[in-house]
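Ligands are counted one by one from 1 in listed order, and the atoms in each one are counted from 1 as well. Residues: numbered from 1 along the sequence shown. Side chains are part of it too, since the values below use all heavy atoms of this structure and drop only hydrogens, waters and symmetry mates.
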Amino acid sequence: MKLEAVELRRIRMSLVAPFETSFGTQQERDILLVKAITDEGEGWGECVAGEEPDYSSEYVEAAQHVLVHHLLPPLLERDSTAAHDVAGALRRIHGHRMAKAAIEMAVLDAELRSKRESFAQFFGAVHTAVDCGVSVGIHRSIPDLLRTVGGYLDQGYRRIKLKIKPGWDLGPVRAVRERFGDVPLQVDANTAYSLADAEHLAQLDPFDLLLIEQPLPEDQVLAHAELAKVVRTPICLDESITSAQAAADAIQLGACKIINIKPGRVGGYLEARLIHDLCAKHRVPVWMGGMLETGLGRAGNVAMAAMPNFKLPGDTSASDRYYHRDITEPFVLVDGRLKVPDGLGLGVKVDVDYLREITTSQQMVQRREGRPVRVAD
Ligand code: OSB
Ligand code: MG
């Protein structure tokens, strides 16, 4: 397959409700979509980088810049590019995994559509629907939080994840346990604590949480292993796991018992699949994380979450958890699950009229006389 051109499109979408984490509050999203145009058809990718470099060092404007100037040119020079060539072709560029993941996803979508295969088939999915959890942001008050959690449980979500930070941890967890009993419950700190908080975090143990996600900064993998000696609740890593190598190291160090897989964070679905397989070999269960994706990213994530070692419900919530109107047909929660798309490639169709309405910019990068050039749109 020959990559002829790539369209970079930015869209603006409002979230149905503000989403507050230990690193900030989001109400609107500025999303970069990537369309791979090949001699065998087109494919879509979604970049999960946020507007600010607060979850990781990546951010949407930088992702677009590095794609245009550093990642797309070498890909557009190639005579033939399959998804499994992308990571290797881009290896000399360090980091920028979310940007790399977006173009690899678009190439994979185009490739699988032309081979008449779905993402689920390609990953070896073993389920036709996946169990879904929901990530609940930091709220202004406990009564507010209980209202939100109650609403999600009424909708059928099979697991609740509470965002926590110092000053918003034991109280919310206790309140949810008191009101809703033994619902599957976990917490996510997004790096907000230090190893000095070990005794404090151990006070979460009596609440029988499924896991505590990324309590310490991402580069403190060894400190997570130290924390695990004090805290009984299983530690799960998110931000720290940037590659299959990082996953192997963290497992060997005893830094985590569970891993959150986000394809964007690790450079793409192919690296994510390696992490899945590695974790299966080490009997480390994984679950699918989320980055507030649109229906495009959700389609790929739900397909991957149907692989056998995805043992816990994912942050793969329904479209209406995020957006009033999605850019694909909406993902709808049925009995706490989302159906795995079975169409070709990602198996979803982009609503191009709606996409046009919410587009804020468009840029084409294309091959011309063997040389990639930027074209204003
Ligand atoms: O840490 O899992 C996280 C959203 C943005 C950035 C980081 C995280 C999250 C979530 C939301 O928790 C998960 C979702 O998409 O529902
Ligand atoms: Mg997380």
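Closest N/O/S atom of E213 to the Mg ion (ligand 2): OE2.
In summary, no N, O or S atom of D315 is located under 2.8 Å from the Mg ion (ligand 2). In summary, no N, O or S atom of E239 is located under 2.8 Å from the Mg ion (ligand 2).
Looking only at heavy atoms of the protein, atom 9 (C) of ligand 1 is closest to G290 O, 3.6 Å. Considering only non-hydrogen protein atoms, atom 5 (C) of ligand 1 sits nearest to M291 SD, 4.0 Å. At the top of the distance list for atom 4 (C) of ligand 1, counting protein heavy atoms only, stands F19 CE2, 3.7 Å. Among all non-hydrogen protein atoms, the one lying nearest atom 16 (O) of ligand 1 is Y322 OH, 2.6 Å. Counting protein heavy atoms only, atom 1 (O) of ligand 1 is closest to N190 ND2, 2.7 Å. The shortest contact between atom 15 (O) of ligand 1 and any protein heavy atom is with L292 N, 2.8 Å.
Near K161, meaning under 4.0 Å from any of its heavy atoms, are these atoms of ligand 1: 2 (O), 3 (C), 12 (O). Distances below 4.0 Å separate heavy atoms of D238 from the following atoms of ligand 1: 1 (O), 2 (O), 3 (C). If you number the atoms of ligand 1 from 1 as listed, the ones under 4.0 Å from a heavy atom of K163 come out as 1 (O), 2 (O), 3 (C), 8 (C), 9 (C), 10 (C), 12 (O).
More than 12 heavy atoms of other residues, nucleotides or ligands sit less than 6.0 Å from atom CD of Q27. In this structure, Q252 places its CD atom where only 12 or fewer heavy-atom neighbours from other residues, nucleotides or ligands lie under 6.0 Å away.
Taking the charged nitrogens against the carboxylate oxygens, D131 and R159 have no contact shorter than 4.0 Å, which rules out a salt bridge.
Any N or O atom pair closer than 3.5 Å counts here, and K262 shares at least one such pair with ligand 1.
With a heavy-atom cut-off of 4.0 Å, V134 does not touch ligand 1 at all.
Classification of the H65-H70 ring pair by plane angle, with boundaries at 30° and 60°, yields tilted.
Cation-pi geometry between R321 and F19 is met: under 6.0 angstrom from the ring centre, within 45 degrees of the axis.
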Task: Check against salt bridge (Lys or Arg N to Asp or Glu O under 4.0 Å), E111 and K115 - done: CA-CA 6 Å; E111 183 179 328; K115 288 183 178 162; 3.1 Å; yes

